[in-house]
Amino acid sequence: QLQLVESGGGLVQPGGSLRLSCAVSGEPVIGWFRQAPGKEREKVSCISPSGRTTGYADSVLGRFTISRDNAKNTVYLQMNNLKPEDTATYYCAATLKYYSAYCPPDGMDYWGKGTLVTVVS
């Protein structure tokens, strides 16, 4: 049973930056997802257990960077040039079924409780 704990959310102005952290034991595949009120859950980014392979949604490509420090049992999501449409609750999720940066939402087995990111002027 994996436990995931997100942190780092908050209120930021457009163009600002935040870094989210996901504390997780072991080295599973980790995905970051987000869900805004009234919208469907969206996959944001994914990282392989080693950290060598990553993937991003088109909406965040070039602005967000996922990374991990397995010695610290932590996965990060660096978010730069934030936009109002990035406002959402961000969740990290894990699975032990895969070995690459493959994070189908329905295939993730463990979820954190989420951290809220609000981008507003």
Student: Could you check whether any side-chain heavy atom of Ser100 comes within less than 4.5 Å of a side-chain heavy atom of Val29, counting everything from C-beta outward?
Tutor: no

Student: Determine the minimum heavy-atom distance between Gly55 and Ala101, stating which atoms define it.
Tutor: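 Closest approach of Gly55 to Ala101, heavy atoms only: N-CB, 4.3 Å.
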
Student: Name all pairs fulfilling the salt bridge (charged side-chain N to carboxylate O under 4.0 Å, His left out) condition that reach into residues 16-27, sequence neighbours left out, sorted by first residue then second.
Tutor: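 Sorted result for residues 16-27: empty, none.
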
Student: Is there any side-chain hydrogen bond (donor to acceptor under 3.5 Å, both in side chains) pair reaching into residues 3-16, and which pairs are they, with sequence neighbours excluded?
Tutor: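 Residue pairs with at least one partner in residues 3-16: there are none.
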
Student: Can you check whether Leu11 reaches Val120 side chain to side chain, under 4.5 Å on heavy atoms?
Tutor: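 Touching, per the 4.5 Å side-chain cut-off.
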
Student: With sequence neighbours left out, what residues match Arg41 under side-chain hydrogen bond (donor to acceptor under 3.5 Å, both in side chains)?
Tutor: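 Partners of Arg41 by the side-chain hydrogen bond (donor to acceptor under 3.5 Å, both in side chains) criterion come out as none, since no residue qualifies.
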
Student: Identify, with sequence neighbours excluded, every residue that meets side-chain hydrogen bond (donor to acceptor under 3.5 Å, both in side chains) alongside Asn70.
Tutor: Arg68

Student: Ring pair (Phe, Tyr, Trp, His ring centres under 6.0 Å): which pairs involve residues 24-62, sequence neighbours left out?
Tutor: Phe33-Trp111

Student: With a 4.5 Å cut-off on side-chain heavy atoms, are Pro84 and Pro14 touching?
Tutor: yes

Student: Is there a side-chain contact between Val117 and Leu20 in this structure, where contact means two heavy atoms from C-beta onward sitting under 4.5 Å apart?
Tutor: yes

Student: Can you sort out the partners of Asp109 under side-chain hydrogen bond (donor to acceptor under 3.5 Å, both in side chains), two or more places apart, ordered by chain and number?
Tutor: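 Checked Asp109 against side-chain hydrogen bond (donor to acceptor under 3.5 Å, both in side chains); matches are Thr95, Lys97.
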
Student: In the single-linkage hydrophobic clustering (I, L, V, M, F, W, Y; side-chain heavy atoms under 4.5 Å), do Val60 and Met108 co-cluster?
Tutor: no

Student: If you measure only the distance, is there a donor-acceptor pair under 3.5 Å linking the side chains of Asp69 and Thr74?
Tutor: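 Asp69 vs Thr74: no donor-acceptor pair found between side chains.
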
Student: Shortest non-hydrogen contact from Ala94 to Leu2?
Tutor: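 Heavy-atom minimum between the residues: CB-CD1, 4.0 Å.
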
Student: Under the rule for side-chain hydrogen bond (donor to acceptor under 3.5 Å, both in side chains), what residues qualify as partners of Lys83, not counting sequence neighbours?
Tutor: none

Student: Pairs in or reaching into residues 42-54: which pass salt bridge (charged side-chain N to carboxylate O under 4.0 Å, His left out), with residues at least two apart or in two chains?
Tutor: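 Every pair satisfying salt bridge (charged side-chain N to carboxylate O under 4.0 Å, His left out) with a residue in residues 42-54: Arg34-Glu42.
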
Student: Measuring from Ser59:OG to Asp86:CG, what's the distance to the nearest 0.5 Å?
Tutor: 7.5 Å

Student: Looking at Ser17 and Asn80, would you say the former's side chain and the latter's main chain have a donor-acceptor pair under 3.5 Å?
Tutor: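 Not at all, since once roles are kept as given, no pair shorter than 3.5 Å links the two residues.
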
Student: Show me the pairs that pass disulfide (SG to SG under 2.5 Å) and involve residues 30-65, at least two apart or across chains.
Tutor: Cys46-Cys103

Student: Taking all non-hydrogen atoms of both residues into account, name the closest pair between Ile30 and Val24 and its distance.
Tutor: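 Looks like CD1-CG1, 4.0 Å.
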
Student: Are side-chain heavy atoms of Ile47 and Thr53 found at a separation under 4.5 Å?
Tutor: no

Student: Could you name each residue pair satisfying disulfide (SG to SG under 2.5 Å) that touches residues 66-101, not counting sequence neighbours?
Tutor: Cys22-Cys92

Student: Between Asn73 and Ser25, is the side chain to side chain donor-acceptor pair (under 3.5 Å) condition met? List the steps.
Tutor: CA-CA 6 Å; Asn73 293 330; Ser25 58; over 6 Å; no

Student: Closest approach of Arg63 and Leu82, non-hydrogen atoms and distance?
Tutor: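 Heavy atoms of Arg63 and Leu82 come nearest at NH1-CA, 3.9 Å.
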
Student: May I have all residue pairs that pass ring pair (Phe, Tyr, Trp, His ring centres under 6.0 Å) and include part of residues 64-100, sequence neighbours excluded?
Tutor: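 Residue pairs passing ring pair (Phe, Tyr, Trp, His ring centres under 6.0 Å), neighbours aside: Tyr98-Tyr102.
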
Student: Find the distance between NZ (Lys113) and CG (Leu4) and round it off to the nearest 0.5 Å.
Tutor: 12.0 Å

Student: So which residues get pulled into Val5's cluster when ILVMFWY side chains under 4.5 Å apart are joined, directly or through others?
Tutor: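 Listed partners: none, Val5 stands alone.
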
Student: For the residue pair Val12 and Met79, establish whether any side-chain heavy-atom pair is separated by less than 4.5 Å.
Tutor: no

